[in-house]
Amino acid sequence: MANDRIEKQIELKAPVARVWRALTDYREFGEWFRVKLEGPFVPGQTARGNITWPGYEHVVWEAVVQKMEPERLFSFTWHPYSVDPKADYSKETPTLVEFRLEATANGTLLTLTESGFDKVPAARREEAFLRNDGGWAQQMENIEAHVAKA
Amino acid sequence: MLQRPSGGAGRRRGGSLRDGAQVFAALGDETRLALVAKLCRGEPLSISELTQSTASGRMTRQAVTKHLRVLERVGMVRCVRAGRERRFEFNPAPVEEMREYLEFVSAKWDEALGRLQAFVEE
């Protein structure tokens with residue numbers, strides 16, 4: 001019936017080392033994830049920075065780095081789409097995000113899993129939706145701008 | 001490409017929704033899952049009907065009542081009265097809501113991974 005995890009796979013036409021850098025170098029991560037991180041990712045420590053999406057620059061993004069096994073596994077815990085600056089998310093159980101890398105003939109197979117949604121409070125899920133209603137138009141513009149640049 | 005989670009039926013305001021954890025816990029029991037499966041067919045059922053329909057066939061009224069209470073508490077089942085008889089019906093809102101939330105987060109990852117792909121392949 002219901003499921004409490006997300007799993008995605010994508011094959012990237014780039015070597016594992018390149019993908020690893022894009023995931024774990026805080027500046028590179030920030031480029032595609034749209035967050036301006038204050039410093040490097042360190043296991044056991046909180047990574048923090050302001051979101052760089054227009055309209056969301058006031059929102060601080062936070063994640064606690066769990067594992068960094070070079071070119072194999074990068075993971076962190078976070079509170080997905082917790083964008084209310086006034087809310088205290090620290091009492092809520094975070095979800096776990098894992099990026100797994102595997103070399104293939106053409107590049108890298110990236111497997112992303114996010115698990116632990118059964119612990120996300122209902123109120124938070126509603127909030128993500130409500131905020132998203134206003135956010136979609138902005139996101140479309142973002143993607144359009146990105147595509148136009150490429 | 002971008003997909004807005006469809007429908008809004010599961011996103012009800014107010015206090016009827018409970019934590020996802022409780023919904024999952026409520027479903028994490030074979031008997032309750034069997035009761036939900038039976039109620040999912042749409043028609044409200046009485047306790048006697050539900051007692052007959054459990055997989056084991058040996059459920060007592062008390063046991064069925066107890067399991068229905070758990071499902072009621074998380075909002076998955078609600079009691080409707082038909083005259084003097086109490087019937088129970090399935091309420092899909094909590095399950096729907098969880099599914100929609102996962103779809104939302106999932107769509108966000110599609111976007112992020114798309115940007116990552118553009119970033120490393122350029």
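Every value quoted in this text rests on a predicted model; they were computed, and no experiment measured them. Order of the sequence lines fixes the chain letters, A, B, ..., with proteins taken first and strands second; residue numbering starts at 1 for each chain.
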Starting at [atom1] of [X], measure out to [atom2] of [Y] and round the result to the nearest 0.5 Å.
X: A:L23; Y: B:F119; atom1: CG; atom2: CZ; value: 10.0 Å
X: A:L112; Y: B:W109; atom1: CG; atom2: CH2; value: 5.0 Å
X: B:L113; Y: A:F99; atom1: CG; atom2: CZ; value: 6.5 Å
X: B:K108; Y: A:I6; atom1: NZ; atom2: CD1; value: 12.0 Å
X: A:T108; Y: B:E121; atom1: OG1; atom2: CD; value: 9.5 Å
X: A:W32; Y: B:E111; atom1: CH2; atom2: CD; value: 12.5 Å

Let me check something: do [X] and [Y] share a hydrophobic cluster, defined by ILVMFWY side-chain heavy atoms less than 4.5 Å apart, either directly or through other members?
X: B:L33; Y: B:F88; value: yes
X: A:L73; Y: A:V19; value: no
X: A:W20; Y: A:L37; value: yes
X: B:V70; Y: B:V36; value: no
X: A:F74; Y: A:L109; value: no

task = Apply side-chain contact (heavy atoms from CB on, under 4.5 Å) to B:S106 and A:K8, showing your working.
result = CA-CA 8 Å; B:S106 178; A:K8 309 242 165 232; 2.7 Å; yes

Measuring heavy-atom distances to chain B, does [X] have an atom under 4.5 Å in its side chain, in its backbone, in both, or in neither?
X: A:L12; value: both
X: A:F29; value: neither
X: A:E11; value: backbone

ask   = Stepwise, does the side-chain contact (heavy atoms from CB on, under 4.5 Å) test hold for A:E31 with B:R115?
value = CA-CA 9 Å; A:E31 282 286 319; B:R115 291 195 300 269; over 6 Å; no

key: B:E122 versus chain A, the contacting section by heavy-atom distance below 4.5 Å   = neither

task = Using the side-chain contact (heavy atoms from CB on, under 4.5 Å) rule, take B:L116 and A:L110 through it: C-alpha gap first, then chi angles, then the decisive distance, then the call.
result = CA-CA 11 Å; B:L116 170 66; A:L110 171 65; 3.4 Å; yes

